[in-house]
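These notes are about the structure you will find just below.
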Amino acid sequence: MIGLMILLVYVAIFVISFLIVRFVVQRTNTDFTSLKTVTFGDESAVISNRFASVVSVLTIFLLWGSFTGSAWVPGFLHAPGPFVGETSFTYTVATQDGERDDATVHVRVVDFGEKPEKFDVPLGDGLAKDDALAMSASRSATVLFDKNDEVTRKEGTRVVAIDGVPIAPGGSIRTDAGRFALTSKGAISFSPPKGLQMEPIWLPPPEAVVGRVIEIANEGYRDSTLWKHLGYSLFRVIAGFFFGALIGIPLGYAMGLSDWFRGWFEPIVEFMRPVPPLALIPLVIIWFGIGEVGKIILLFLASLWIMAISARAGVSGVNISKVHAAYSLGASKLQIMRHVIMPNSLPEIFTGARVAMGVCWGTVVAAELVAASEGAGMMIMVASKFQLTDIVLMGIILIGVIGFGIDVLMRRAENWLVPWKGRS
Amino acid sequence: MSGLSIESISMRFDLPNGSSVQALKDVSLHLKPGELLSVLGPSGCGKTTLLNIAAGFLAPTGGQITMNGHVVKGPDAERGMVFQQGALFEWMNVRENVSFGPRMKGQTEAEWGNQVDHLLDVTGLGDFKDKAIFELSGGMQQRVALARCLANDPDVILMDEPLGALDALTREKMQGLVLKLWKETGKTIILITHSVEEALLLGERLLVMAPRPGRIHKEYRLPFAEMGVGGDLREVKKAEGYATTREEILEMIWDMEEEIMGRSEEMQ
Ligand SMILES: Nc1ncnc2c1ncn2[C@@H]1O[C@H](COP(=O)(O)OP(=O)(O)O)[C@@H](O)[C@H]1O
Ligand SMILES: [Mg+2]
């Protein structure tokens, strides 16, 4: 239900902001790139709309905030929250003899995170006495109405109506106060309106997550500061990738240049490549333990095959005319290796490096989920055990941001070092 | 004997399926220093194969190539090569490309600087020295390839359809440039082309090859290259004999193509 609502709101924002930007903001903007609706193979020709990106990100935060009742989203944009405060309802009992009486239940519903405290109310008169109920928002509570009544369920007394609406054991009704059900034993189960907002335990509001970032950045989590956790993960990725490239690139070159090397390593590389690094975690833990060595070896293995294959592709992809031209310009084999084959393979190697860094980052988080005493994955793993959803979310967001940052840096380096990529 | 000698070269390619292709059969030819030979022939008649053998990239299955008396055993700086496209080094700028040969020989910039800059000016690349290769048009890229070859000062320049990928107008200008460079430098040049006009305009000698097996079909000695040096190539096309020779060669190649088509129809 809520999911469908969110989807509808999301689609509505998508369509409305599109229409606004198209017909109000960017009406005058018609250049030739806008005519190029389909481009194949040329990344740079497809420009994404900046407005769309900004609105998209804002929409996510808006939806997040409004369905969690965030303080950062103005109140009128909040999805209806769960009922909090005082309410009451009246129940009607009927004894076996057919005598009837009404009594009121006073309910105090406290917000998420607060502790419901018992309170007393005057009993009132008649057979049934008034009751007091303290409960948490979005929960259900069972009222043992006959604890203080003169007639009890044991004697055959039954609740027959709530707020004047008839109800039978096992049945349920809905009134302005909320939803009521009678248990099979005849007790009243009361659920005040839940509203459309998520409970913090499922999805905390954005300010809770940001608060956690600040708190953990200042005070640390599990004996290490936030930066130390992230630093550990990054260090493992960089160390693993470094060794993977250090061995993988020369291996790929050797495979691209010599049929013996190619024949020797091809079965190994082709077999290892489709094995997901995650599948190696158990074996690596058995062999090397859960310490740094094991993790770095895992990431080394994750990047090794990718780097070897991309270096091999870079070498065998060299246009034979370039090599011939270099030969007839008087270059030696070593010079051709250094000045033609190696630079020519750089674009492929960079593509491989970007893939490898992505895979390594994913693998390190997974490895830390399994076993680690520091690291981004370990933070969310431990937090999830204690149902600290805000830390889990914080971890996921930071992992995403860092992964994105790595890719942006790799692309920058690529543009700087191999500007001819895809343009020759 | 000085110059480039192609001595009864044969080339057979053994295909993986067990059959074989006779790409060249008993091709002989002598080029004196400073001669410009254009080679024409239907596609698949072995022109590229012949050039690759002359360059030393391929070892022939029969015969040999000699260069100024010694037998060619592999690629060497004395025989420069200009390819159709894709042979420039994208990771170097224009000047680095052109100076590649001298730099590989270990020369310092003081040694090659003047010559390279001169060649860049001659080929009209003076203002593009520091540009990246992918920033240049196709015509400019071929000028870089020419300059790079000349900067290495080879005795023979082998060109495999060097202007094949250019548009008509650029192509005409480049033909003028090739003639000019040939006259100025006095290099021996073999130029393979698909275009009968280009072969006529540039070839002091013109070789028509026939396919299956690749062999020399007919050779011409032509006056048009001399006429074209420093002059207007379009005027040359109006010269006496140009049109008739052109028709004759076109007919010859047409017949060969017909024969190839006919044969492949029979095979089916
Ligand atoms: N490496 C090779 N392996 C097998 N056959 C080849 C090879 N190179 C060329 N050939 C064959 O030799 C013949 C001549 O090719 P080529 O010299 O490229 O012709 P051209 O340049 O005149 O078009 C063609 O039939 C071609 O299929
Ligand atoms: Mg060819």
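The analysis underlying the following values was restricted to heavy atoms, covering all of them including side chains, and did not include hydrogens, waters or symmetry mates. The chains referred to below are lettered A, B, ... by the order of the sequence lines, with proteins before strands, and numbering in each begins at 1.
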| task | Using the side chain to side chain contact (heavy atoms under 4.5 Å, CB included) rule, pick out the option among A:Val418, A:Asn344, A:Leu346 that qualifies with B:Trp91. | result | A:Asn344
Measuring from [X]:[atom1] to [Y]:[atom2], what's the distance to the nearest 0.5 Å?
{"X": "A:His339", "Y": "B:Met92", "atom1": "NE2", "atom2": "CE", "result": "6.5 Å"}
{"X": "A:Leu329", "Y": "B:Met104", "atom1": "CG", "atom2": "CE", "result": "9.0 Å"}
{"X": "B:Lys105", "Y": "A:Gln335", "atom1": "NZ", "atom2": "CD", "result": "11.0 Å"}

| query | What residue, out of A:Ala325, A:Ala326, A:Pro343, has the most heavy-atom pairs lying under 4.5 Å from chain B? | reply | A:Pro343
| task | List the atom of B:Arg79, the atom of A:Ser328, and the distance in Å for their closest heavy-atom pair. | result |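 Taking B:Arg79 first and A:Ser328 second, the nearest heavy atoms are O-CB, 3.2 Å.
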| Test item: A:Val340 and B:Phe89 side chains (from C-beta on) under 4.5 Å apart, heavy atoms |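 Yes. Closest side-chain heavy atoms under 4.5 Å.
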| Hey, does B:Phe83 have a side-chain heavy atom less than 4.5 Å from the side chain of A:His324? | yes
[X] atom [atom1]: more than 12 heavy-atom contacts under 6.0 Å:
{"X": "B:Lys129", "atom1": "NZ", "answer": "yes"}
{"X": "B:Leu15", "atom1": "CG", "answer": "yes"}
{"X": "A:Phe235", "atom1": "CZ", "answer": "no"}
{"X": "B:Asp14", "atom1": "CG", "answer": "yes"}

| Measuring heavy-atom distances to chain A, does B:Leu158 have an atom under 4.5 Å in its side chain, in its backbone, in both, or in neither? | neither
